[in-house]
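Data first, discussion second: the structure below is written as structure tokens.
Per chain, numbering begins at 1; letters A, B, ... match sequence-line order. Quantities reported herein were computed from a predicted structural model and do not represent experimental measurements.
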Amino acid sequence: MPRLFDTQSSEIVDIVPSTEGKFSMYVCGPTVYDEPHLGHGRFTLVYDILRRYLKYRGVEVRFVSNITDVDDKIITRAAELGISAGELAKRYEEVWWDLMERLGVEKPDETPHATDWIAQMLELVTEMVSTGVAYETTDGVYLEVAKVDGYGLLARQNLADLRSGARVEVDEQKKSPLDFALWKRTPETEWGWESKFGFGRPGWHTECVAMALGILGEGFDLHGGGMDLAFPHHENERAQAVAMGKNFARHWMHNGFVMVGDEKMAKSLGNFTTLKDLLDSTDPRAYRLLVARSHYRAPLEVTAEILQDAARSLERIDAFARRFADVVLERPEVAPSKEVIDGFNEAMDEDLNSPVGLAHVFEAITRANFALDRALNEEAVSNAKAALLLLGTLGIVVQDRLEVPQEVIALAEQRKVARSEKDFAAADKYRDEILQLGYVVEDSDLGFRFRKA
RNA sequence: GGCGGCGUGGCCGAAUGGUUAGGCAGAGGCCUGCAAAGCCUUGCAAAGCGGUUCGAUUCCGCUCGCCGCCUCCA
């Protein structure tokens, strides 16, 4: 198992799963009310890479990520559009999965919906009220955070300091501004559910507790999300579990933000680029490469120039993959370079250091090319196999074959003949014609190869 | 106000108390009919000021600049 930075202890720790060889992870998914942006793309890629890496290391991963389909923002947005909240949520959930597929993010093993867990949430609320850690007011049920041991653990602040900085609106009925809603009473004209606490809907923080514990059980291995979820969302999830005397996540993992200049990309700041725009304009793999080549906890700046940089780096990877596509198949007996794989694993094992992992991949690519130039085939193939294996582990799908129209192949054949007859004027003419059709022809020992112009 | 973090070469981005990160771009060369791809060589660095040390980009302090969380937020 890798070591990972744990938000609770604020240090890199050994990850010890509750069951050896297995790993259960829960990552907070989207509230489906609008277009996802680059930040959503980053966190899904980060956890996708973690999941793929663990599987590659032979760990049996169970990955749960929820869909928040009941929320104030959904209700507000739906009202603006004049459609039902359920309809809006359904629409944006479809958008979400479509984008995930384009990003190459593997679908979670389970994708629970908050609206399917209302009954379980109400059970938890009932339990918290009965044990006295939660109380009712005229507008809902609140958890009294002062009664929770270690409240502030994930925020790394004590209760008093959190309270002094609280910016939440004052509610006379709440015992503390930090107390948060478990159940919100609403008029029956609004979207909601009947309950012993009155008609209403659940507070945000309860759904993940119900779903994580309900699906993965107590003491599941890892809970993750963006850094902005550490407080108050995850803090409040943990608070509920602690209040009920239940074991919650063993480890907490939080990824850094996507930055725009010196600011966090956020809906509220209006400085976001939608994932759709990114995917429509750039090779989706470029964003994955960008995410993988910076550390997951560091801020990540994304600009057109930086994406272009990653895209060019990807061209090098694809050129390498094309060069080795056949070579690798011819040598099934050669194993991937252990040295490269060990270097990669070592980097990834220390808090998922994918930038260093990628450096090993690029070094392997250089060595493979170097060796093949000198006909050192075994050396070339073992490095190439390692690089290809590890790229796959990061979820980077190489384009090692190109579907080329028959017409282009015919021109390349003619060019080959012209070259053998030393008719270079004709050869160059054929090359131009191939270029007109959108392909670049490259010569090699094995004949010709193509790439997209 | 409280808490956490950051400032690395033209750009992106790691590790590290003394030796090449890696990628992208640049320069020179090899290969090629010419290219492309590839390979080789090569600039360019550590916000500032002090301190610890034989030696600091790396540790400590201060200054400056910046960011995040404490409200919804990935």
When we call it a touch if two heavy atoms are under 4.0 Å apart, what does His295(A) touch: a base, just sugar-phosphate, or nothing? sugar-phosphate

Closest to side chain of Arg316(A), choosing from rC39(B), rU71(B), rA14(B): rC39(B)

Given salt bridge (Lys or Arg N to Asp or Glu O under 4.0 Å), test Asp72(A) with Arg77(A) step by step and report yes or no. CA-CA 9 Å; Asp72(A) 290 358; Arg77(A) 190 78 207 284; over 6 Å; no

With pairs taken as Watson-Crick or G-U wobble and both distances under 3.5 angstrom, which stems of at least three consecutive pairs involve RNA chain B? B:1-7 with B:64-70, B:10-12 with B:22-24, B:26-30 with B:38-42, B:47-51 with B:59-63

Can you say whether the rings of His40(A) and Trp96(A) are parallel (under 30°), tilted (30 to 60°) or perpendicular (over 60°)? perpendicular

Using the P atoms only, state how far rA37(B) lies from rG23(B), rounded to an integer number of Å. 16 Å

Could you identify which residues of residues 356-366 of chain A place a heavy atom less than 4.0 Å from some atom of RNA chain B, listed by residue number, or say none? Val356(A), Ala359(A), Phe362(A), Glu363(A), Thr366(A)

Specify whether Phe220(A) and Phe248(A) have parallel, tilted or perpendicular ring planes, treating 30° as the upper limit for parallel and 60° as the lower limit for perpendicular. perpendicular

Distance, rounded to the nearest Å, where Leu289(A) contributes CG and rG22(B) contributes C1': 11 Å

Less than 3.5 Å apart, any donor N or O on the side chain of Trp97(A) or Glu101(A) sitting next to an acceptor on the other? no

Mind checking Arg374(A) for me? I need base, sugar-phosphate or nothing, with any heavy atom below 4.0 Å counting as a touch. sugar-phosphate

Nearest to the side chain of Asn369(A), which nucleotide is it out of rA74(B), rC70(B), rG38(B)? rG38(B)

Per nearest nucleotide of RNA chain B, the residue lying toward the 5' end, Leu290(A) or Cys28(A), is Leu290(A)

Give Phe320(A) one of three labels, base, sugar-phosphate or nothing, depending on what nucleic acid heavy atoms sit under 4.0 Å from its own. nothing

So CH2 of Trp252(A) and OG of Ser9(A): to nearest 0.5 Å the spacing works out to 13.0 Å

So, do Val340(A) and Arg367(A) sit near enough that their side-chain heavy atoms are less than 4.5 Å apart? yes

Quick one: is rA25(B) close enough that its OP1 or OP2 comes under 4.0 Å of any side-chain N or O from Arg312(A)? yes

So what does Pro36(A) touch, heavy atoms closer than 4.0 Å: a base, only the sugar-phosphate, or nothing? nothing

Could you work out which one of rG2(B), rA14(B), rC24(B) sits closest to the side chain of Ala298(A)? rA14(B)

Base, sugar-phosphate or nothing for Met259(A)? Non-hydrogen atoms, less than 4.0 Å. sugar-phosphate

Ala347(A) near the nucleic acid: base, sugar-phosphate alone, or nothing, with a heavy-atom cut-off under 4.0 Å? nothing

Does a nitrogen or oxygen in the side chain of Arg167(A) sit under 4.0 Å from OP1 or OP2 of rC70(B)? yes

Between Arg297(A) (CZ) and rG4(B) (C1'), how many Å, whole number? 12 Å

Could you tell me how far rA74(B) sits from rC69(B) if I compare only their C1' atoms? Round to whole Å. 14 Å

Does a sphere of radius 6.0 Å around CD in Glu190(A) hold more than 12 heavy atoms from other residues, nucleotides or ligands, not counting ones at 6.0 Å or beyond? yes

Here the distance between atom C1' of rC12(B) and atom CG of Leu307(A), to the nearest Å, is 11 Å

Salt bridge (Lys or Arg N to Asp or Glu O under 4.0 Å) between Arg185(A) and Asp139(A): does it pass, once the steps are laid out? CA-CA 5 Å; Arg185(A) 284 195 185 115; Asp139(A) 55 0; over 6 Å; no

Pairwise C1' distance, rG17(B) and rC31(B) [rounded to whole Å]: 43 Å

How far apart are the C-alpha atoms of Glu144(A) and Lys147(A), what are their side-chain angles, what is the distance that settles it, and do they pass the salt bridge (Lys or Arg N to Asp or Glu O under 4.0 Å) test? CA-CA 6 Å; Glu144(A) 188 172 355; Lys147(A) 290 192 172 165; 3.4 Å; yes

Could you state the NE2-P distance from His254(A) to rC67(B), rounded to the nearest angstrom? 23 Å

Classify the nucleic acid contact of Gly256(A) as base, sugar-phosphate or nothing, counting any heavy atom under 4.0 Å across all strands shown. base

Determine whether His234(A) and His254(A) satisfy the following criterion, ring pair (Phe, Tyr, Trp, His ring centres under 6.0 Å), listing intermediate values before the conclusion. CA-CA 10 Å; His234(A) 289 164; His254(A) 294 98; 4.9 Å; yes

Go through rG13(B), rC3(B), rG23(B) for me and flag the one nearest to the Gln157(A) side chain. rC3(B)

Closest listed nucleotide, where the reference is the side chain of Pro232(A) and the choices are rC70(B), rG23(B), rA14(B): rC70(B)

Distance in angstrom units between Asp318(A) CG and rG23(B) C1', rounded: 15 Å

Is the shortest side-chain N/O distance from Asn255(A) to OP1 or OP2 of rA74(B) below 4.0 Å? no

Test of understanding: with salt bridge (Lys or Arg N to Asp or Glu O under 4.0 Å), list the residues that count as partners of Lys452(A), not counting sequence neighbours. none

Note: for Leu178(A) and Arg323(A) on RNA chain B, the residue whose nearest nucleotide lies more 5' is Arg323(A)

Take atom C1' in rC44(B) and the same atom in rG55(B), then report the distance between them in whole Å. 24 Å

Looking at residues at least two apart in the chain, or sitting in another chain, which of them share a salt bridge (Lys or Arg N to Asp or Glu O under 4.0 Å) with Arg167(A)? none

Taking any heavy-atom pair under 4.0 Å as a contact, classify Asn158(A): base, sugar-phosphate, or nothing. nothing

For Asp71(A), check salt bridge (Lys or Arg N to Asp or Glu O under 4.0 Å) against everything at least two apart and list the hits. Lys73(A)

Nucleotide-resolved protein contact map, nucleotides 29-35 of chain B, B/S/- at heavy-atom distance under 4.0 Å: ----BBB

For atom C1', what is the distance between rC54(B) and rG48(B), given to the nearest Å? 25 Å

Applying a 4.0 Å non-hydrogen cut-off, can you work out what Lys264(A) is touching in the nucleic acid: base, sugar-phosphate, or nothing? base

Note, Lys107(A) side chain near Phe63(A) side chain (heavy atom, < 4.5 Å): no

What form does the base of rG4(B) take, syn (within 90° of 0) or anti? anti

Atom CG of Asn236(A) and atom C1' of rC72(B) are separated, to the nearest Å, by 13 Å

What integer distance in Å separates Leu394(A):CG from rG23(B):P? 15 Å

In this structure, how many angstroms lie between the P atom of rG4(B) and the CG atom of Leu162(A), rounded? 12 Å

Looking at every strand, decide which applies to Arg156(A) at a 4.0 Å heavy-atom threshold: base, sugar-phosphate, or nothing. sugar-phosphate

Apply the side-chain hydrogen bond (donor to acceptor under 3.5 Å, both in side chains) test between Asn66(A) and each candidate in Glu110(A), His113(A), Glu207(A); give the one that qualifies. Glu207(A)

